[in-house]
**Q** 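My questions will all concern the structure given below.
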Amino acid sequence: MTAGHACVIAADRTVPGPRDRTPPEDEGVIVHQNVAKARAALDRIETAVDTCKVDMDTGRSG
């Protein structure tokens, strides 16, 4: 629960920052990759809560 809450707070603080600038194209690619990783991590947390099964190695990628 704490990890999910921290993620939401960090996102809320980060999103307004780049309002007045256009990021380089490669930065956008990196952001999209990191968002995909975050979604996968949150999906694993959600699955663990729903199934009461926790396997830290399943679905992990670096």
**Q** For V29, check side-chain contact (heavy atoms from CB on, under 4.5 Å) against everything at least two apart and list the hits.
**A** Q33
**Q** Go through the structure and list residues passing side-chain contact (heavy atoms from CB on, under 4.5 Å) with D50, not counting sequence neighbours.
**A** E46
**Q** The criterion is salt bridge (Lys or Arg N to Asp or Glu O under 4.0 Å); which residues satisfy it with E27, sequence neighbours excluded?
**A** R21
**Q** Is there a side-chain contact between R44 and T47 (heavy atoms, below 4.5 Å)?
**A** no
**Q** Evaluate the criterion side chain to side chain contact (heavy atoms under 4.5 Å, CB included) for residue pair L42 and I45; output intermediate values, then yes/no.
**A** CA-CA 5 Å; L42 293 170; I45 292 169; 4.2 Å; yes
